[in-house]
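In what follows, a single structure is set out as C-alpha cells and then discussed.
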Amino acid sequence: MFDKGDGMSGLRSALDELRSEELASAPPEKLQADLLEIERASRVMEAERLRRIAELDRRHAADRDHVSTPAWVANRLGASLPVAAQQVRMARALDQMPAVRDAMGSGEVSASAVRVLVEAREEHPAAFGEAEELLSRAARSLPVRHLQAAVARWSASVDSRALEERGARLRRRRRLRLCPVISGMVRVEGELDPETGQTVMTALRAVVDSETRSAAGDARTHDQRRADALGEVCRQWLDRRDRPQVAGDRPHVVVTVGLDALRAGLGGAELEEAGPVSTDVAKRLACDASVSRVVLSGPSEPLDVGRRTPVVSGALRRAVVVRDRGCRFPGCGRPAPWCDAHHVQHWADGGETKLSNLILLCRPHHGLVHDGFRIELANGKATFFRPNGEPIEPAMLTEHPPP
Ligand SMILES: [Zn+2]
Ligand SMILES: [Zn+2]
C-alpha cells in the first residue's frame, strides 16, 4: 500500500516494539521518561495528522464523494462529525500558522495549547499574524491555563487598540455642511463622530421633551420639532451674554430690511447668508433683537441700527421676566429662557422699548403674534385676540399673574 522507505513502516515497527516491551520489571525512572517521550511523540503525531488533513482538504479530496471535508474525515476515521469538524478547523488554521505548526511538529506544544491559539487567530486574524511568533513562544513555555490568560490579555489589548483606531477613524470622517439652497431652505448635511452625535441628540431630545410637556395640541411632526430644537439650542447660545467675541463683537443673526418694509410689512428682507425672508419674519427677528442685528437699507435711513447692546437691554429684559416669568400666551407658560421680549407696538411703528410695551412670548407664540394674533397690554394685564378679532379667554391655571 505504501512505498518502501515510507515513514509509516518505520512508525509501525516502532509501535510494535513499544507494545512488546515488558513493563512490570521496568524501573519507575524509565516509565516516567517513556511517558514524556510518548507525549512528545503523540504531539508530533497529532501535528502530522492535521498536516495530512490540511493537504487532503487543499486537494478537495472530499469532492469525489460529494461531501464536505469534515463529513469525509468523519466517515473515513469513524469519528463523530463534531470531532472531525474540529480537526478540520484546526488543520486549516495551522496551515496558516507556520510558527505554531513548527512548535507542535517538534512536540513542544500540545494540541490543547494549539486550540487556544487557533481560537485567538479566529478572533483577530489580522493582529494574530504580527503576534504569532510571540504567542507560539508563550505556548512553548507556559502551561495551557497560563497560556489562556496570556492570550486573553493579548486579545483585550487588540480590542482596545482596535476600538481606539476605530474612534480615530470615525473622528477623521466628521463633517457638517450647511448651505442655502434655491428653495430658500438651508440644507444640513454631514456625519458626526459618536461623542458629538450623542451630545447633539441629547440636547435636541432635551428641548423636544421640555416642549412636549409644555405644549398641548402641538401639530408639528417629530422631524419638525427636532429642526426647531436645533434652532432653539443655537438661539439660546447666541443669547448668552458671556459668549466669546469675534472681531470685537458678538456674532448676531443679521437681517437687512427697509424701515418702510418693516412698518408696512411689504417688500423683502434678507438674512445675511440664508437669503430672502418675509418681512413678517424680519419684524419678529427685529422685535426682541437680542440675537439678531437689524440693518436698515435705503438712502434716507440710518444704515445700521444694529447695536452693540440688544434692542431690549439685559436690565429691561430682566424686568420683563420678573413681571411675566414665562410666555404670557393663554395656556402656555413656557419658561423665560425660551421666550422673546415682544414689542406690543413694534419699534418700527414707533413703539417704545419699555416695560409697558413689552411682553414675554415663547418662540412659537411670538410667531403667532406676528402672524395675525394681536395683544393689548394695559397695566401689565394682557388680552390676546385671534386673527378674526375675538378675544382668547385667559387660562385659569397656567397664565402667570402679574406679581
Ligand atoms: Zn414680537
Ligand atoms: Zn408660549
Side-chain angles (χ1 to χ4, degrees), residues 207-220 224-225 228-229 231-232 235-236 238-239 252-253 255 257 259 261-265 269 271 277-294 296 305-306 310-313 316-317 319-321 323-377 381-387 391-402:
V207 174
V208 169
D209 285 354
S210 67
E211 292 204 319
T212 307
R213 276 197 295 277
S214 58
D218 192 335
R220 293 174 298 165
Q224 288 172 336
R225 285 164 194 249
D228 292 351
E232 188 59 46
R235 204 159 13 221
Q236 290 197 21
L238 286 174
D239 242 345
H252 282 87
V253 172
V255 55
V257 61
L259 190 56
L262 211 53
R263 282 184 185 132
L271 291 168
V277 289
S278 71
T279 40
D280 280 350
V281 171
K283 208 164 177 179
R284 179 162 47 78
L285 280 172
C287 186
D288 178 314
S290 55
V291 302
S292 52
R293 196 158 181 256
V294 186
L296 296 181
V305 296
V311 171
V312 178
S313 72
L316 183 53
R317 187 185 153 92
V320 181
V321 169
R323 188 197 63 197
D324 292 350
R325 282 155 56 189
C327 177
R328 290 284 298 275
F329 200 90
C332 179
R334 280 193 182 92
W338 305 81
C339 294
D340 298 326
H342 165 71
H343 285 72
V344 175
Q345 187 184 13
H346 203 281
W347 56 262
D349 303 320
E352 284 184 87
T353 302
K354 59 178 189 184
L355 187 60
S356 58
N357 188 39
L358 292 171
I359 187 166
L360 273 193
L361 291 175
C362 70
R363 244 71 74 178
H365 287 136
H366 193 186
L368 284 186
V369 164
H370 280 274
D371 193 28
F373 283 74
R374 199 169 55 77
I375 304 175
E376 278 173 13
L377 183 64
K381 183 176 173 1
T383 315
F384 287 76
F385 298 89
R386 296 196 175 87
I392 303 175
E393 306 71 29
M396 301 305 289
L397 294 172
T398 43
E399 198 193 17
H400 301 291

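Note that the numbering runs from 1 along the sequence shown for the chain. Quantities reported herein were computed from a predicted structural model and do not represent experimental measurements. Both ligands and their constituent atoms are indexed starting at 1 by order of listing.
Using bins of under 30°, 30° to 60° and over 60° for the plane-to-plane angle, the ring pair F329/H365 lands in the parallel bin.
Here 4 is the count of protein N, O or S atoms positioned under 2.8 Å from the Zn ion (ligand 1), waters not counted.
Here the side chain of S278 pairs a donor or acceptor atom with the backbone of V281 at under 3.5 angstrom. Between the W347 side chain and the A286 main chain, a donor and an acceptor come within less than 3.5 Å of each other. A distance-only check finds no donor-acceptor pair linking the side chain of N357 to the backbone of G351 [under 3.5 Å].
Two residues are said to be in side-chain contact when any heavy atoms from C-beta on lie closer than 4.5 Å; L361 and C327 meet this criterion.
Between H342 and the choices R328, H370, R284, the side chain to side chain donor-acceptor pair (under 3.5 Å) rule is met once, by H370.
An angle of 110° is found at the Zn ion (ligand 2) between H365 atom ND1 and C327 atom SG, rounded to 10°.
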